[in-house]
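Down below is the structure, laid out as structure tokens.
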Number of protein chains: 2
Amino acid sequence: MEMTRTHGAPSFEDACARRGATPTDMSCRDCAVHSRAFCAVLDDETLVRLEALHSYCDLSGEDSLFMEGDDATYFYTILSGSFRLSKLLPDGRRQITGFALPGEFIGLSLGETYDCNAEALTVSKLCRFTVTDLKQIGRENPEMEGRLLTMTHTTLNYAQDHMLLLGRMNAKEKVASFLCSLMKRTAGIDQTSDHISLPMSRSDIADYLGLTIETVSRTFIRLKNDKIISLPDHARVKVDDMTALVSLAEG
Amino acid sequence: MEMTRTHGAPSFEDACARRGATPTDMSCRDCAVHSRAFCAVLDDETLVRLEALHSYCDLSGEDSLFMEGDDATYFYTILSGSFRLSKLLPDGRRQITGFALPGEFIGLSLGETYDCNAEALTVSKLCRFTVTDLKQIGRENPEMEGRLLTMTHTTLNYAQDHMLLLGRMNAKEKVASFLCSLMKRTAGIDQTSDHISLPMSRSDIADYLGLTIETVSRTFIRLKNDKIISLPDHARVKVDDMTALVSLAEG
DNA sequence: CGGGTGATTGACTCAATTCAATTCAGGTGG
DNA sequence: CCACCTGAATTGAATTGAGTCAATCACCCG
């Protein structure tokens, strides 16, 4: 599986272990992402139990959390940072199926193994449970499955919208749509004025939108020439004409 | 919303009502799709209750079951036939996000309204519950949410594989991949020898694969010229070189 | 046997890719 | 502090795979 190297995933599943799980004495109820996370529906008593079962895990940018086919040992909740989830073809072509943000979970899978690759985009902190523990908690707390269902369904909705983008939009619409969704999704988490910050590389954007890096680059320039956005630097975008951007994004 | 006409969805949500719900006296336990459906995990007592709550609904090919934005009144399980699920851009461009087969459910949504269009491909029979009743059953039967979670997760997995196809495969790989998945999915339901039957039109295949009908047509011919498939008629495909087809499909 | 729809085929176009420089930005060490 | 290095991003030129447009064909169905 060395073709993943070409996408810069230097380390493995146990980046966590290497860095050491760093339990803190903060309670689950006070966790910054509690209200957004799967555990939001659990009662206080269960939360206390969770505190005994969880461990933490820190990654820096480009670290791989797990790869498709690895044994699905842990279930993770993102505390801070962001992740890219991807699938690969045998020859290395990559499709990023989504970006995961704080509060969201990663690593839930149907079988024994993970079904996608997960890599940190930035310095990130995760809270993890073993899949075994998670299943046990689920059995004892039926409301949790409902919560996981809702969250999985939200992801499915994103996936379906993204299929429409991949299959039926042109480059300009794809980029506009990407910028709009990035704005919407990060709105609640880190409001950075009117600038959209891009935590991912051009290559990530390309593999998310089904384009090449060259086309992504050219499309940003075209949107700039159309006076719809400005590009203060590589990692930031300022929206100058929101109406035009949204109307492009809608198709 | 008249652009949907161009995709041949002549009727509305209440095709059901028009045709009349046709309750039979068959019990849920004896239902042909019971073991595959969401209700497989419910106990006998609950199944008896379901029998009082459900109604049936018949559609013929091209009938629309519901459209994106319609009030999500019913939750449906497919008893026979097949459906296409799609999303539209305002100008009518369409992406088919998936095909639904007997045993699978359609119509589960996060909000008050359906989030995609659902149309019958063939004569079809559905079993339906009101969303209100379904929620009630869910509250009383926690194992049902787990079942819905698994089924939704399966759909999400298909969606992620399909994103890889849409974003990163060429026409030949897309068509090969489509034929392989059709073979795999229908294997358990209606085994029709070594012929794959295509219940959907070229236009449906095109909108599923993110291609045009012309390209789909040309690609079938190219696969035929490569001696990988034969085309006895428009609605059927015979696989002559499975190895080559699979290796194309993998990318 | 005509009419109509869906599928195929052909000729041409073009949006996006490919390949090849070039520029830019951030980090390092003298 | 600046020259150098490296990987990422941009830019340019040439290519091409899939799309568009326009017939034509094949098959139902009345």
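Letters go in sequence order (proteins before strands), and every chain restarts at 1.
- Separating the CE atom of B:M169 from the C1' atom of D:dG17 is a distance of 16 Å, rounded to the nearest angstrom.
- Computed from coordinates, the A:N170 CG to D:dT20 C1' distance equals 15 Å when rounded to whole Å.
- B:K87 has its side chain within reach of B:E68: a pair of non-hydrogen atoms, C-beta onward, lies under 4.5 Å apart.
- Ring geometry for B:F66 versus B:Y114: interplanar angle under 30°, hence parallel rather than tilted (30 to 60°).
- B:R236 and B:S197 are not linked by any side-chain donor-acceptor pair at a separation below 3.5 angstrom, with hydrogens and angles left out of the test.
- Per the geometry, CD belonging to A:E173 stands 12 Å off P belonging to C:dA15, to the nearest Å.
- At whole-Å resolution of the value, NZ in B:K172 and P in D:dT16 are 16 Å apart.
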**Request:** Take nucleotides 5-13 of chain D nucleotide by nucleotide from the 5' end and write B, S or -, depending on whether a protein heavy atom sits under 4.0 Å from the base, only from the sugar-phosphate, or from neither.
**Result:** ----SSBBB
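- Contact check, A:T212 against C:dT17: a side-chain N or O comes under 4.0 Å of OP1 or OP2.
- B:D233 comes within 4.0 angstrom of nothing in the nucleic acid, heavy atoms only.
- Rounded to a whole Å, the CZ atom of A:R222 is 14 Å from the P atom of C:dC14.
- Atom pair A:L166:CG and C:dA16:C1' shows a separation of 15 Å (rounding to whole Å applied).
- Between B:Y208 and B:F99, the ring planes lie tilted relative to each other; the angle falls in the 30° to 60° range.
- Rounded to whole angstrom, the span from the NZ atom of B:K224 across to the P atom of C:dA7 amounts to 16 Å.
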**Prompt:** Does the salt bridge (Lys or Arg N to Asp or Glu O under 4.0 Å) test come out yes or no for A:K172 and A:D226, once each step is laid out?
**Reply:** CA-CA 11 Å; A:K172 221 165 173 176; A:D226 295 350; 2.8 Å; yes
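- Put simply, CG on A:D207 is 14 Å from C1' on C:dT17, counting in whole angstrom units.
- No side-chain donor-acceptor contact under 3.5 Å links B:D115 and B:S109.
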